[in-house]
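The structure under discussion appears below in the form of structure tokens.
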Number of protein chains: 2
Amino acid sequence: MYSAAVSTQERLIESTRELLWDRGYMGTSPKAILERSGAGQGSMYHHFKGKPDLALAAIRRTAEEMRATAQAVLSGPGTPYERIEAYLRRERDVLRGCPVGRLTMDPDVIASDALRAPVDATIDWLREQLAQLVEEGKEQGQFARALDAEEIAATVLATVQGGYVLARASGSPAAFDTAVRGLLTLLRPAS
Amino acid sequence: MYSAAVSTQERLIESTRELLWDRGYMGTSPKAILERSGAGQGSMYHHFKGKPDLALAAIRRTAEEMRATAQAVLSGPGTPYERIEAYLRRERDVLRGCPVGRLTMDPDVIASDALRAPVDATIDWLREQLAQLVEEGKEQGQFARALDAEEIAATVLATVQGGYVLARASGSPAAFDTAVRGLLTLLRPAS
DNA sequence: GTCTATAACAAGATAGAC
DNA sequence: GTCTATCTTGTTATAGAC
């Protein structure tokens, strides 16, 4: 078989991903997942133990995807500054928010070690990648010696995550871009 | 009467504020509000039209309180840089998140102009205050002329809001402080 | 103003037929 | 593997007594 139809299990995971992104864990009901995926009650409980189990599969996939997307930009061409800039300016569905970061505002996700783990791991990985870039930039003389790579990496990530908050509050993606431009000005090498 | 007992209406609003902070709009049920406040079904629907109406009262009060708290620090003593630092370093219940900012992740809040308005207004006001401080710092020669006050203000706010995300993801307030230290290094006057 | 009763509907899951 | 009951509990509100 060269081209199999997408499985019910697959549709369940993808539907859950979309709903988690838009409505969070609390706001995502099994009923809504079933409606969106076109699956029946029985299918869902056959493939998954329940809502948390299905959500875990969805979150893991979203986390992996985010990692791949970031990887592509961060390990792309250019100087460390340019690659950080590319990460900050990459196309985003700003008003929809970060599919990973938004989960931190879900009490049920934070309360569950299993559900929080992929979120934590993704953000931690991103921080390491950014810190390594900053370190490189310091070695190349592009960034000041006085900068702490771990700190700057956290600031970059926080600006992105916070940019989503500002944008959603104002109802416009512009606020995200403004915050990013501010950070880039502060980071820009003197050269 | 010099000291009246706290009214039922008051207890309803305060209970709603606590629950909104911890569990968001979706996660806050009228039932939970009633249990926490000790009020009955009838009292709630006597004083408020329903959940959105009560939430609006709660959100407005939280927004006002946040403004007052920020005001105290931002218009306190010190140079512009020192006052921004004081804002960034002020005591926060980091793992609990921002009681105003977290509402932007609630689809029902964002979808309602009435509920989003106080959130938007508070963040906008904060941005203006910070921008004014940056402008002052530029005039006093403390910040570089090249800085755009609006942009830097957005970056400062985003770092705070994003700091909460990093902290909740890792389960530790340390991530918030790390991001703030990074930003302060970037902002610090050469002097 | 506050209470209890009631209700219509959604959430989350199980049972068992097909 | 998928489907349709069925079940328990929670959500959000209304009605009407006190």
Side-chain angles (χ1 to χ4, degrees), chain A residues 1 3-59 102-103 105-112 114-116, chain B residues 1 3-59 103 105-112 114-115:
Chain A
M1 214 68 88
S3 157
V6 175
S7 71
T8 297
Q9 185 174 20
E10 197 58 28
R11 290 203 319 277
L12 282 166
I13 293 177
E14 286 303 315
S15 299
T16 304
R17 266 164 33 93
E18 295 293 315
L19 286 165
L20 282 178
W21 193 352
D22 290 333
R23 311 190 43 79
Y25 185 83
M26 291 249 189
T28 297
S29 69
K31 191 186 180 189
I33 294 170
L34 297 180
E35 275 167 10
R36 179 182 274 255
S37 66
Q41 198 88 312
S43 297
M44 176 178 150
Y45 285 99
H46 172 75
H47 292 292
F48 302 96
K49 283 196 285 284
K51 178 179 167 177
D53 190 42
L54 174 48
L56 180 57
I59 291 173
R102 73 106 56 234
L103 296 169
M105 293 304 143
D106 256 303
D108 290 354
V109 171
I110 294 306
S112 155
L115 292 179
R116 188 170 59 81
Chain B
M1 214 68 89
S3 160
V6 176
S7 70
T8 297
Q9 186 174 19
E10 197 57 27
R11 290 203 318 275
L12 282 165
I13 293 177
E14 287 302 316
S15 299
T16 304
R17 270 170 23 99
E18 296 293 314
L19 286 165
L20 282 178
W21 193 353
D22 290 332
R23 310 191 43 81
Y25 184 84
M26 291 251 189
T28 298
S29 71
K31 190 186 182 189
I33 295 170
L34 296 179
E35 275 167 8
R36 178 182 274 255
S37 67
Q41 198 87 313
S43 297
M44 174 178 153
Y45 284 100
H46 171 76
H47 292 292
F48 302 96
K49 285 197 284 285
K51 176 179 167 177
D53 189 42
L54 173 49
L56 180 57
I59 292 173
L103 296 170
M105 293 303 144
D106 254 305
D108 290 353
V109 170
I110 293 305
S112 155
L115 293 179

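Both backbone and side-chain heavy atoms feed into the values below; hydrogens, waters and symmetry mates do not. Each chain gets a letter, A, B and so on, in the order the sequences are listed, and its residues count up from 1.
- Protein atom NE2 of B:H47 is 13 Å distant from nucleotide atom C1' of C:dC3, rounded to whole Å.
- Minimum interatomic distance between B:L20 and B:I59 (heavy atoms only, all atoms of both residues): CD1-CG1, 3.8 Å.
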List the protein contact pattern of nucleotides 6-18 of chain C with one symbol per nucleotide (5' to 3'): B for base contact, S for sugar-phosphate-only contact, - for none; contact means a heavy-atom distance under 4.0 Å. ----SSSBB----

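- In this structure, CG of A:L34 is placed 17 Å from P of D:dG1, rounded to the nearest angstrom.
- Between B:I33 atom CD1 and D:dA13 atom C1' there is a gap of 13 Å when expressed in whole angstrom units.
- Here the closest heavy-atom approach between residue B:T16 and residue B:A58 is recorded as CG2-CB, 3.7 Å.
- For the pair B:E14 and B:R17, the salt-bridge criterion is met [side-chain N within less than 4.0 Å of a carboxylate O].
- A close approach under 4.0 Å does occur between a side-chain nitrogen or oxygen of B:S43 and OP1 or OP2 of C:dC3.
- Without hydrogens or angle criteria, B:R11 side chain to B:S37 main chain gives a donor-acceptor distance under 3.5 Å.
- The side chain to side chain donor-acceptor pair (under 3.5 Å) test applied to B:E35 returns no partner, not counting sequence neighbours.
- Rounded to whole Å, atom C1' of D:dT2 lies 11 Å from atom CZ of A:R11.
- Distance CD (B:E10) to P (C:dT2): 12 Å, rounded to an integer number of Å.
- Here the closest heavy-atom approach between residue A:G24 and residue A:D106 is recorded as CA-OD2, 3.3 Å.
- Distances shown here put every side-chain N or O of B:H46 at or beyond 4.0 Å from the OP1 or OP2 atom of C:dT2.
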